[in-house]
Amino acid sequence: MSPSTADAPTDATEIRALTVLPARREDVELHTADGLTLVGELALPADRPPAATLVTLHPLPTHGGYMDSHVLRKAAWRLPALADLAVLRFNTRGTTSPRGTSEGAFDGGVGERFDVAAAIELAEFRDLPRRWLVGWSFGTELALMHGHDPAVEGAILLSPPLHRATDADLDAWDAFGKPLVVLVPELDDYLRPDAARERFARVRQAEVIGVDGAKHLWVGEASVRRVLDEIVAHVLPGHDPLPTTWNGPVEQATDDDESR
């Protein structure tokens, strides 16, 4: 939700669940090849160009997923300042968030191929560098099915259920050859680390990382920090682990719903 009035502490501030660090944030619209307008937000480093870009794909909208799902929102709150990353978030077709509602209707991952393409196209149009897809749950299916685009450098998957993505999609990513980083919670509801390693063995360049104690929704600050550290470690090697404190102005968001 919208941050409250900025506060400028003189000492280092611990980065907590509701901490919003400085960035240039702007509302954006994505236009799909099948004629829809999708709503989103682009967060950029406050005072310098981005070093790399995250194009994020949110969890299942029919189960509460949207561009503000908490891990993606925290990536946008923190990573422009802590790692010089651009973070693009958007609502897939038919999805609503406080930013607004994207046109169209949920299509189970089929029509959403146009949404993924539109997001990559916007990142290209804005000359955002080193574009990586970051999908979470349903978003991992979209990345696997529709993300092997030459304009992206790779993909990071959070809690992949592999419900819609098939072995054929995995084989296509293998042939694509770009990096595929797979973060699998030890206590995931759908796919756990050992099973994930077996399924993703089809993708020779896939790196499957089991995360002890984590669950599908990555609830808790320790889980969020692990996810963000892994993202930065793979997108900008050598820039992790991320700081846990910040010297400078911060804002505080008004709520943090970790249930989606």
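Nothing fancy with the numbering, it's 1 onward along the sequence. What you see below is based on every heavy atom in this structure, not just the backbone, and it leaves out hydrogens, waters and symmetry mates.
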(request) Can you see which heavy atom on Pro193 is nearest to which on Val208, and at what distance? (result) O-CG1, 4.4 Å
(message) Any heavy-atom pair between the side chains of Arg25 and Leu42 that's under 4.5 Å?
(response) no
(request) First locate atom CD of Glu103, then atom OG1 of Thr95, and finally report the distance between them rounded to the nearest 0.5 Å. (result) 12.5 Å
(message) Show the nearest heavy-atom pair for residues Pro61 and Phe106, with the distance to one decimal.
(response) CG-CD1, 3.6 Å
(message) Measuring from atom CZ of Arg126 to atom CZ of Arg131, what distance do you get when rounded to the nearest 0.5 angstrom?
(response) 13.0 Å
(request) Find out if a path of hydrophobic residues (ILVMFWY) with successive side-chain heavy-atom gaps under 4.5 Å connects Val71 to Leu57. (result) no
(message) When you compare the side chain of Asp68 with that of His58, does any pair of heavy atoms fall below 4.5 Å?
(response) no
(request) Let me know which of Asp34, Asp107, Thr101 forms a side-chain hydrogen bond (donor to acceptor under 3.5 Å, both in side chains) with Arg93. (result) Asp34
(request) Could you tell me whether Arg113 and Asp169 have a side-chain N and a carboxylate O separated by less than 4.0 Å? (result) no
(message) Would you say Leu170 ends up clustered with Leu158 if hydrophobic residues are merged whenever their side chains have heavy atoms under 4.5 Å apart, either directly or through other cluster members?
(response) no
(request) Decide yes or no for Trp136 and Leu157: does some side-chain heavy atom of the first lie under 4.5 Å from some side-chain heavy atom of the second? (result) no
(message) If I take atom CZ from residue Arg99 and atom CD from residue Glu41, how far apart are they, to the nearest 0.5 angstrom?
(response) 8.5 Å
(request) Dump the intermediate steps for side chain to side chain contact (heavy atoms under 4.5 Å, CB included) on Arg78 and Ile15, then the final yes or no. (result) CA-CA 9 Å; Arg78 302 179 193 182; Ile15 298 170; 3.7 Å; yes
(request) Output, in order, the C-alpha distance, side-chain angles, deciding distance and verdict of side chain to side chain contact (heavy atoms under 4.5 Å, CB included) for Ile209 and Val181. (result) CA-CA 8 Å; Ile209 302 169; Val181 181; 4.0 Å; yes
(request) Report yes or no: do Leu122 and Trp132 belong to one cluster of Ile/Leu/Val/Met/Phe/Trp/Tyr joined by side chain heavy-atom distances under 4.5 Å? (result) no
(message) Could you check whether any side-chain N or O of Trp246 sits under 3.5 Å from a backbone N or O of Pro249, counting only pairs where one atom can act as donor and the other as acceptor?
(response) yes
(request) Taking the side chain as every heavy atom from C-beta outward, state whether Trp77 and Thr19 have any atom pair closer than 4.5 Å. (result) no
(message) Do the side chains of Arg164 and Glu112 get close enough for a salt bridge, i.e. N-O under 4.0 angstrom?
(response) no
(request) Kindly say whether Met67 contributes a backbone atom to a donor-acceptor pair with the side chain of Asn91 at under 3.5 angstrom? (result) yes
(message) Measuring from atom OG1 of Thr13 to atom CG of Leu21, what distance do you get when rounded to the nearest 0.5 angstrom?
(response) 9.0 Å
(request) Specify the closest pair of heavy atoms between Leu79 and Leu228, including all atoms of both residues, with the distance to one decimal. (result) CD1-CD2, 4.1 Å
(request) Of all the heavy-atom pairs spanning Ser137 and Pro59, show the shortest one and how long it is. (result) CB-CB, 4.1 Å
(request) Please answer whether the main-chain N or O of Ala222 pairs with a side-chain N or O of Arg226 as donor and acceptor at a distance below 3.5 Å. (result) no
(request) Mark yes or no for whether Glu186, through its side chain, and Gly213, through its backbone, hold a donor-acceptor pair below 3.5 Å. (result) yes
(message) Nearest 0.5 angstrom please: Leu133 CG to Thr53 OG1, how far?
(response) 11.0 Å
(message) Closer than 3.5 angstrom, by distance alone: can the side chain of His148 be matched with the main-chain N or O of Lys178 as a donor-acceptor pair?
(response) no
(request) Dump the intermediate steps for side chain to side chain contact (heavy atoms under 4.5 Å, CB included) on Val152 and Val55, then the final yes or no. (result) CA-CA 9 Å; Val152 302; Val55 177; over 6 Å; no
(request) Inspect the surroundings of CD in Glu121 and state if more than 12 heavy atoms from other residues, nucleotides or ligands are less than 6.0 Å away. (result) no
(request) Look only at the side chain of Arg89 and the backbone of Arg73, and say whether a donor-acceptor pair between them is shorter than 3.5 Å. (result) no
(request) Provide the closest heavy-atom pair for Glu230 versus His234 in the form atom of the first, atom of the second, distance. (result) O-ND1, 2.8 Å
(message) Tell me whether the count of non-hydrogen atoms from other residues, nucleotides or ligands lying under 6.0 Å of CD in Glu198 goes above 12.
(response) no
(request) Answer with yes or no whether the hydrophobic clustering places Val203 together with Val134; edges join I, L, V, M, F, W, Y residues whose side-chain heavy atoms lie under 4.5 Å apart. (result) no
(message) Nearest 0.5 Å, please: how far is OG1 in Thr244 from CZ in Arg225?
(response) 5.0 Å
(message) Contact between Asp167 and Arg202 at the side-chain level, heavy atoms closer than 4.5 Å - yes or no?
(response) yes
(message) Is the shortest side-chain heavy-atom distance between Gln205 and Asp174 below 4.5 Å?
(response) yes
(message) Can a donor-acceptor pair be found, under 3.5 Å and without considering hydrogens, that links the side chain of Thr56 to the backbone of Leu88?
(response) yes
(request) Dump the intermediate steps for side chain to side chain contact (heavy atoms under 4.5 Å, CB included) on Leu144 and Leu162, then the final yes or no. (result) CA-CA 9 Å; Leu144 288 169; Leu162 289 184; 3.6 Å; yes
(message) Looking at Arg24 and Asp47, is any side-chain nitrogen of the basic one under 4.0 Å from a carboxylate oxygen of the acidic one?
(response) no
(request) Answer yes or no: is there a side-chain heavy-atom contact under 4.5 Å between Tyr190 and Pro185? (result) no
(request) Indicate yes or no: at least one non-hydrogen side-chain atom of Phe90 is less than 4.5 angstrom from one of Ser102. (result) no
(message) If hydrophobic clusters are built by linking Ile, Leu, Val, Met, Phe, Trp and Tyr wherever their side-chain heavy atoms come under 4.5 Å apart, do Leu180 and Phe176 end up in the same one?
(response) yes
(request) Would you check if there is a donor-acceptor pair between the side chains of Thr92 and Asp115 at a distance under 3.5 Å? (result) no
(request) Could you pull out the closest heavy-atom pair between Ser159 and His216, with the gap in Å? (result) OG-O, 3.0 Å
(message) Looking at Arg197 and Asp194, is any side-chain nitrogen of the basic one under 4.0 Å from a carboxylate oxygen of the acidic one?
(response) yes
